[in-house]
Protein chains: 2
Amino acid sequence: MKLPESAEWVLHAAGSLAQLEPGGTASAARLAEHFDLPPAYLAKQLQALVRAGLFTATTGPRGGFRLARHPGDITLLEIVEAIDGTSPFYTCNEIRQQGRGAAPPEQCRQMCGLARHLHAAEDAWRARLAEVTLEDIVDGLPRGVQRRTRELLG
Amino acid sequence: MKLPESAEWVLHAAGSLAQLEPGGTASAARLAEHFDLPPAYLAKQLQALVRAGLFTATTGPRGGFRLARHPGDITLLEIVEAIDGTSPFYTCNEIRQQGRGAAPPEQCRQMCGLARHLHAAEDAWRARLAEVTLEDIVDGLPRGVQRRTRELLG
DNA sequence: GTCCCGGTACTCGGATACTCACTGTCCGAGTACGTTCGG
DNA sequence: CCGAACGTACTCGGACAGTGAGTATCCGAGTACCGGGAC
């Protein structure tokens with residue numbers, strides 16, 4: 001039960017793109033050296049964000065990745081799910097209906113109580129991340145950070 | 001980002017023990033056939049609950065596992081953490097302080113905004129699971145389930 | 001009948017293989033720019 | 001001087017190995033019960 005380390009990378013990458021002027025572009029190599037990360041692997045992960053429709057990529061010189069939407073329309077949940085997938089933490093295999101103690105179907109009309117609570121907790125996690133946008137992240141940065149990021153990446 | 005499948009197993013095992021009369025005992029083999037699970041592997045996982053202080057184990061004939069505390073004093077969070085560990089989903093490696101764009105220390109007085117939100121979401125997950133006890137699970141079972149479990153496992 | 005002893009069967013507990021996702025790396029396809037050559 | 005064609009360098013994109021957690025299994029250590037035998 002752990003997010004891939006690449007989740008941290010793409011979150012910071014997305015945050016950096018959000019700090020540039022609207023439509024600003026940065027290549028994977030540039031972002032990698034900005035955070036001292038393995039360039040090839042970072043590029044591989046950024047592709048996932050393109051597939052998810054969060055980034056758009058352009059090849060060739062002066063190319064790179066840019067946000068596909070306004071920073072206020074991209075939530076942290078979308079970024080995390082682009083990397084980690086949308087499959088739930090807890091999958092109920094209905095083991096209550098298996099084995100010697102298999103419960104009869106008429107006692108299984110409603111979802112298993114354990115699954116219900118586990119899913120509710122997961123919904124709370126997702127809801128909390130869906131509330132925060134990249135714009136919120138940029139607005140919360142200490143004074144001067146955004147200007148410096150633009151100078152270094154722009 | 002997925003709970004081990006064994007989490008479902010021990011949650012159901014704990015729920016079953018909570019349905020027995022107070023102090024009721026069931027062996028790993030008995031629980032395994034009750035849910036049609038690999039006996040040896042289930043036993044290995046139940047050991048983790050013993051190490052966490054949630055179960056107590058007795059060897060020999062008529063031995064097995066039993067709850068170490070009253071069902072109302074055991075939360076789902078404790079059970080999950082006994083299997084999955086307490087390490088956070090998201091670990092901030094402070095990559096904002098690495099590489100070409102390393103932020104100066106005076107801009108890093110407070111925690112990284114991304115880490116703050118990710119941790120808040122995780123806290124929401126944990127809090128939701130900490131609210132639910134095994135007693136709540138037993139109370140939420142359909143009519144007749146507890147009696148049947150006692151007959152089969154008792 | 002009562003007590004003691006031994007054997008047995010059952011339990012947990014830890015040590016040992018196997019699988020898959022995450023991590024890490026590489027090379028190929030495609031494009032925009034800068035340069036150069038001809039008119 | 002102007003335009004177009006060419007070459008180059010840079011970009012993403014997908015295909016190919018290495019590693020650690022989770023999965024699965026087995027056998028050994030220890031204990032409580034059950035039966036038999038002696039008193």
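The sequence lines fix the lettering, A, B, ..., with proteins before strands; numbering per chain opens at 1.
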Nearest-Å distance for atom pair [atom1]/[atom2], residues [X] and [N]:
| X | N | atom1 | atom2 | value |
| --- | --- | --- | --- | --- |
| B:Glu5 | C:dC20 | CD | C1' | 14 Å |
| A:Gln47 | D:dC12 | CD | C1' | 7 Å |
| A:Phe65 | D:dG13 | CZ | C1' | 9 Å |
| A:Leu46 | D:dG14 | CG | C1' | 15 Å |
| A:Gln45 | C:dC22 | CD | P | 9 Å |
| B:Leu49 | C:dG13 | CG | P | 11 Å |
| B:Leu3 | D:dT23 | CG | P | 10 Å |
| B:Asp36 | D:dA24 | CG | C1' | 15 Å |

Practice prompt. Name the closest nucleotide to the A:Thr59 side chain, picking from C:dT31, C:dT23, D:dT23.
Written response: C:dT31

Worksheet item: Among the nucleotides C:dC22, D:dT31, C:dG24, which one has an atom lying closest to any side-chain atom of A:Trp9?
Response: C:dG24

Quick one: is [N] close enough that its OP1 or OP2 comes under 4.0 Å of any side-chain N or O from [X]?
| X | N | value |
| --- | --- | --- |
| B:Ser27 | C:dT11 | yes |
| B:Arg51 | C:dG14 | yes |
| A:Ser6 | C:dT23 | yes |
| B:Tyr41 | D:dT25 | no |

Base, sugar-phosphate alone, or nothing: which one does [X] contact when heavy atoms must sit under 4.0 Å apart?
| X | answer |
| --- | --- |
| A:Arg30 | nothing |
| A:Ala57 | sugar-phosphate |
| B:Ala29 | nothing |
| B:Lys44 | base |

If we only count heavy atoms from C-beta on, is the [X] to [Y] side-chain gap below 4.5 Å?
| X | Y | value |
| --- | --- | --- |
| B:Leu76 | B:Asp136 | no |
| B:Ile79 | B:Leu49 | yes |
| A:Leu11 | B:Tyr90 | yes |

Discussion item. Let me check something: do B:Leu77 and A:Phe89 share a hydrophobic cluster, defined by ILVMFWY side-chain heavy atoms less than 4.5 Å apart, either directly or through other members?
Written reply: yes

Item to complete: Using heavy atoms to find the nearest nucleotide of DNA chain C for A:Ala40 and A:Pro61 separately, return the residue whose nucleotide is more 5′.
Response: A:Ala40

Item to complete: If the plane angle is over 60° it's perpendicular, under 30° parallel, otherwise tilted; pick one for A:Phe55 and A:Phe65.
Response: tilted

